[in-house]
Amino acid sequence: MLVTWKYRPRGTFLDSLDPRSRWITSFLILFAMVPIWHPYVMVGYFCLSMTQFFLSRLTWQETKRVWFFIIFLIVIVIGLNAIITGRGGPGEIQRLEPHVLWERSFNILGATWTPNITVEKIGFGITQMFRMMGTAVLFFIIPWTIDPSKYGVTFSGMGIPYRFAFSMDLAFRFVPTLARDFATTVDSQRARGYEVERLEGGLITQIRRVAPLIVPVVMNAIVNGEDITNAMDLRCFGQDKRTWIGKLQYRTRDYFWIGIGVAVFLGALYLNWGLNLENFFVPTWFYGLFGVVP
Amino acid sequence: MKDSNMWSFGTRQVVYAAIGAALYGVFSWATNFIPLPSVGNVTFRPAVVIPAFFGVAFGPLVGFLAGGIGNVLGDFLSGWGFFWNWSLGNGLMGLIPGLMAASVVSFKDRGTITKAIMYAIGGVVVGMLFASLTEMFTSGIDISTALVGYFTPAAIGNAIVIAVLLPIVMVAYDAVAARSGR
Amino acid sequence: MLDIIKHVHHTPRTLMTAETNALPLSIRDLKFTYRIREQAAIENINLDLHPGELMLVAGASGSGKTTLMRCINGLIPRSYRGKLEGDMRLFGQSLADLTMAELSQQVGTLLQDPERQIVASYVVNEVAFGLENLGLPREEILPRVDEALDYLNIGYLRDRETFSLSGGEKQKVALAGVLAMRPRILILDEPLASLDPASAFEALELFRHLADEGISIMLVEHRVDDVLAIKPDSVFYMENGREMYKGAPDGLMAVADYHRIKLPAEYVLQRARSEAPSVFTPAVGENNGAGPQLLAQFKNVTFRYDKDLPNVLQDVSFDIHTGDIIAILGPNGAGKSTLVKHALGLLKPTSGEVLLQGESTRTKTVAQAAHTVGYVFQNPGQMLFAPTVQEELAFGPKNLRMDAATVTTNVDWAIETVNMEEYRESPPLALSYGQQKRVSIAAILAMRSRLLMMDEPTAGQDYWNYRAFMDSILQMPGFGAVIFITHDVDLALVYANRILLLADGQLAADGPPAKVMADEALLRRCRVLPTSLLHLNLKHLPQTGRLMRAEELAHAIG
Ligand SMILES: Nc1ncnc2c1ncn2[C@@H]1O[C@H](COP(=O)(O)OP(=O)(O)OP(=O)(O)O)[C@@H](O)[C@H]1O
Ligand SMILES: Nc1ncnc2c1ncn2[C@@H]1O[C@H](COP(=O)(O)OP(=O)(O)OP(=O)(O)O)[C@@H](O)[C@H]1O
Ligand SMILES: [Mg+2]
Ligand SMILES: [Mg+2]
């Protein structure tokens, strides 16, 4: 079981950015969008995220797993949302007069439940889809586009105390070793007749069956941790100040990239409080699609 | 050596946070290849015992990083991308059981184990609630959807796994801890 | 007990001002008791280390070697709590007055397993780690990293991932990380444990070279015999936490117990003459004179882990019969573990076939093969999980769906065989390494397999323990054949009746020890180095007719 990280250098513009500016801009754009529900702005948000996705030059092959996952999740969640109430987080849709396309009453244990589908719900669902896709796409490219060996320096460069930042680096260092140890443990239990594939017994028994696989790996890792701690202490880990030889440096392009983030953030504030364009609405043409007159 | 302050973060904590994170990441990823028990749409991921255990054994900060970084690593390895709010939620799943770390005297004591399970399930509830509720703001779902669609299946699955596996891991650790005398 | 004589300094606490002609290290009346123990781990220790001195620190397991090293490098009392008494001086300065940062720039430490001390994902970062922690400027760190790498001739590894390095390379990288801090004293705690003989010898020569350049070295090692080859300047021998001998290497032979540590064969030979001969009669393959039966067959096995990777095994063919005690020797990465995993079907050949009692492993599950083949993995920690030894041992038989009565009988038999009755109810995870090793063997024994395979069964155990352990396994009734992988040439020579030499995935030799081991050129090609015991045996071979342990040889040649 050899693990592989998704990152490889692709020589793109995104690659050449300082990881710090990548993080800063991603979060600026995310937070810019939180209060906004305007459908056209959401489409704009989605396009912005997709632009970053295309800049990364990731292929469909590499990312199809995550696309399927996101789309599956979105369909379920939006569907569920529409059936349950159709409201958005802050209750966006309730201000609107519903135009019912389909409705039915069920009698469940004496209570009546009346799910319906309205034009507003459909419109809201589509807006929501752009919003969810936009958010997902904004962030999911990170493992493919930021060098794993840079996380420690990056977070330390963003003001996180270096011990926490170093934990991140150390975790990356342990992953391949522990994956190999896990494979060894699986092998040694199989040599004792344990069949990994066999699912039998009740739920609790089934969950308990993983104990022979995870207990040895965890305990062995903890025992070895003692030596690692010593090795680090013996090389002076824990002084007040620490140098990271992996160097990060903001360049013009990073200021440009952060500038985009700042612009989007300020722009969103202006849309929200300056122009009051934050609210969800259903465009007239959308009602037309269903032959409904609002 | 027991640290007097459960929030202190020295070399030992740096190392165990990293080990916990790597273990959580690797187990989350490895279960892509191993059939897991499931009931309805709830799949039971044995890996979630890791942040809870590292919290109980090494304190809240270690638990938080084990859960948070570990979830990032697991997603990175499996190719799920990066979902920051779920990683923070997983961090809370380790942090909250860590709040009882200071009171542990023996890891195989029945009372301690029960308390650890309570805290860990509390952590599951808070952590998964955090992640589900942030979805309200980032995905625009309403609170009942967040609870039904995200929170309930995640919380039930994780809580059951913890109730079953945490005692086993704690008892095993008790034996290991007896052997090292720091 | 003596109080610590506090040395009061009025000068700044930097080492620049230390007395220029003071010894690198001087220890007086050192005693340490771990917080959780009653008894002192070390006591009454006095020693001096001179510039450029290479000191071998020897002693059986638990004699306090590691504890002594921890006192010198400052982990005691900074990380390990307990009661420390006595006086230790580093270039004339009291150790107690130094901070960890000051101390670790003077004393560098290399621990046993390089895997457990490498903290970075890339070689450059690993070597730079200590200097980064000291907060030196980046411009100063990088040249020092390159200097350390070049000094060990591993500049070409600079940008490699540490995970992908071989054992020997990992060890050099870890050493480079220590040397980059420019220590004046180097502490090496069993640095040879997982290396093949040739790599171990190269590492030893490197240590000798470092000492010749002026670094004072304390080298902890069980393999006294091997270390003597590089002529250490002095020896410090411990038993039960106390000094037993200190001085020139030659004097050690007179005082040390050759049953407890491995001394050069000539000395053992001389001293064993005066003792009663030991009796050792292997019981493997006893089947009431029915003649050898075929247990397993490897037919032209070729294997690679992935289609993008090179072949790890190349056309390997051999048979295993009852009565075989096979030692597999070969360099790190030769494919020994890979080969053995094929017998159980954990790996299936890319081409060729492995037959277990006539049936191909392709048609069997691993669980079915486990009825015939018992495979003991190298590290017991990687399989122990149960709350008691008894449950641990029952795991295998239950998986094989033996009925409850059979499980109980087998478990009882296995516990008795490895002599662990008193630990039946103890948690295996709380046992010492050597005991865990025995539990892991018993866990396999309880499955009653005919063919026992062990991957480096003796690694990490001291000489006394591993001898006792191998003796008892091979005298145990019930096995058709035993196969073990080892880097210890003497182990193969003493216990095996057949040797497989593996190099680059190919079978370089297969035959009785007396024949395979006599070909020194062949051995060296496979990075196996002849030992003093082998030389001695070969000298007397015409008279004895087979290879044997030194004690036995002493009586055989009269
Ligand atoms: N961390 C610890 N806490 C308590 N006791 C310890 C600790 N480490 C070692 N000891 C005890 O101190 C004694 C000396 O052990 P030490 O590890 O120094 O021996 P050693 O000579 O290095 O053995 P080995 O060859 O097995 O490495 C032993 O009795 C051991 O059980
Ligand atoms: N799971 C794996 N995936 C890919 N390559 C592997 C795997 N396991 C081992 N290898 C490679 O196969 C080769 C043979 O490895 P193996 O472990 O069989 O050697 P060995 O002779 O047992 O060495 P050692 O003496 O160090 O234990 C090595 O080059 C190793 O890197
Ligand atoms: Mg030791
Ligand atoms: Mg091997």
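Note: hydrogens, waters and symmetry copies are ignored here, and every other heavy atom, side chains too, is used.
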Given the rule in the side-chain contact (heavy atoms from CB on, under 4.5 Å) test, do A/Ile142 and B/Phe76 qualify, once you have shown the distances and angles that lead to the verdict?
CA-CA 9 Å; A/Ile142 281 174; B/Phe76 275 24; 4.0 Å; yes
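- Note: B/Gly79 leads B/Ala146, B/Gly79, B/Gly25, B/Ala175 in heavy-atom pairs under 4.5 Å with chain A.
- The two residues B/Ile168 and A/Ala211 have their closest heavy-atom pair at CG2-CB, 4.0 Å.
- With respect to chain A, the highest number of heavy-atom pairs below 4.5 Å among B/Ser78, B/Ala66, B/Gly10 belongs to B/Ser78.
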With side-chain contact (heavy atoms from CB on, under 4.5 Å) as the test, would you mind laying out the steps for A/Ile222 and B/Phe54 before giving the verdict?
CA-CA 10 Å; A/Ile222 289 178; B/Phe54 273 76; 4.2 Å; yes
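- Residue contact with chain B, scored on non-hydrogen atoms closer than 4.5 Å, involves the side chain of A/Val210 exclusively.
- By the 4.5 Å heavy-atom criterion applied to side chains, A/Ser167 and B/Phe9 are counted as neighbours.
- Side-chain contact between B/Asn85 and A/Phe139 is absent, with no heavy-atom pair separated by less than 4.5 Å.
- Judged purely by atom type and a 3.5 angstrom limit, A/Arg131 uses its side chain to pair as donor or acceptor with the backbone of B/Phe137.
- In this structure, chain B has no heavy atom under 4.5 Å from any part of A/Leu138.
- In this structure the side chain of B/Phe27 reaches within 4.5 angstrom of the side chain of A/Val217, judged on heavy atoms.
- Contact annotation: the side chain of A/Glu226 approaches that of B/Arg12 to within less than 4.5 Å [non-hydrogen atoms, C-beta and beyond].
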Tell me, with the steps shown, if B/Leu77 and A/Trp5 meet side-chain contact (heavy atoms from CB on, under 4.5 Å).
CA-CA 6 Å; B/Leu77 287 171; A/Trp5 299 111; 3.7 Å; yes
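- A/Ala171 approaches B/Ile69 most closely through the heavy-atom pair CB-CG2, 4.1 Å.
- In this structure, chain B has no heavy atom under 4.5 Å from any part of A/Met33.
- With a 4.5 Å cut-off on non-hydrogen atoms, A/Phe27 touches chain B through its side chain but not through its backbone.
- Annotation: maximal heavy-atom pairing with chain A below 4.5 Å, among B/Pro46, B/Ala21, B/Ala17, B/Ala163, occurs at B/Pro46.
- Heavy-atom neighbours of A/Met50 CE from other residues, nucleotides or ligands within 6.0 Å: above the threshold of 12.
- By the neighbour-count criterion of 12 heavy atoms within 6.0 Å, atom CZ of A/Arg208 is sparsely surrounded, having that number or fewer from other residues, nucleotides or ligands.
- A pairwise comparison of heavy atoms in A/Val66 and B/Trp80 identifies CG2-O, 3.3 Å as the closest pair.
- Closest approach of A/Ala136 and B/Phe83 over heavy atoms only: CB-CE2, 4.3 Å.
- When the candidates A/Pro161, A/Gly134, A/Pro148, A/Ala221 are compared by the number of heavy-atom contacts under 4.5 Å with chain B, A/Ala221 comes out ahead.
- In this structure, the portion of B/Leu61 lying under 4.5 Å from any heavy atom of chain A is its side chain and not its backbone.
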Could you go step by step and tell me if A/Tyr151 and B/Val72 meet the side-chain contact (heavy atoms from CB on, under 4.5 Å) rule?
CA-CA 12 Å; A/Tyr151 287 102; B/Val72 172; over 6 Å; no
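- Put simply, the side chain of A/Phe164 does not reach to within 4.5 Å of the side chain of B/Val14, judged on heavy atoms.
- Proximity to chain B is absent for every atom of A/Trp67, based on heavy atoms less than 4.5 angstrom apart.
- For B/Lys115, the NZ atom is densely surrounded, since the number of other residues' heavy atoms within 6.0 Å is greater than 12.
- Your options are A/Val196, A/Ile214, A/Ile228, A/Thr135, and the one with the most heavy-atom pairs under 4.5 Å with chain B is A/Ile214.
- Proximity of A/Phe166 to B/Thr11: side-chain heavy atoms (C-beta onward) are nowhere separated by under 4.5 Å.
- Across A/Ile204, A/Leu73, A/Ile78, A/Leu203, the residue that shares the most heavy-atom pairs under 4.5 angstrom with chain B is A/Leu203.
- For chain A, no part of B/Thr31 is nearby; none of its heavy atoms comes within less than 4.5 Å.
- Separating the CD1 atom in B/Ile141 from the CD atom in A/Gln128 is a distance of 7.5 Å, to the nearest 0.5 Å.
- Residue A/Thr127 does not touch chain B at all, counting heavy-atom pairs closer than 4.5 Å.
- A distance of 9.0 Å separates CZ in A/Arg163 from OG in B/Ser8, rounded to the nearest 0.5 Å.
- Both the backbone and the side chain of A/Val218 come within contact range of chain B, judged by heavy atoms closer than 4.5 Å.
- Side-chain atoms of A/Phe174 and B/Leu23, non-hydrogen and from C-beta on, never get closer than 4.5 Å to each other.
- The CG atom of B/Asp142 sits 9.5 Å away from atom CG of A/Leu80, with the distance rounded to the nearest 0.5 Å.
- Contacts of B/Val26 with chain A are made by side-chain atoms alone, with heavy-atom separations under 4.5 Å and no backbone atom involved.
- Of the atoms belonging to B/Ile19, heavy atoms from both backbone and side chain fall under 4.5 Å from chain A.
- Inter-residue side-chain proximity for A/Ile141 and B/Phe82 is flagged as unmet; no heavy-atom pair is nearer than 4.5 Å.
- Heavy-atom pairs under 4.5 Å with chain B were tallied for A/Met232, A/Gln206, A/Arg173, A/Met219; the largest tally goes to A/Met219.
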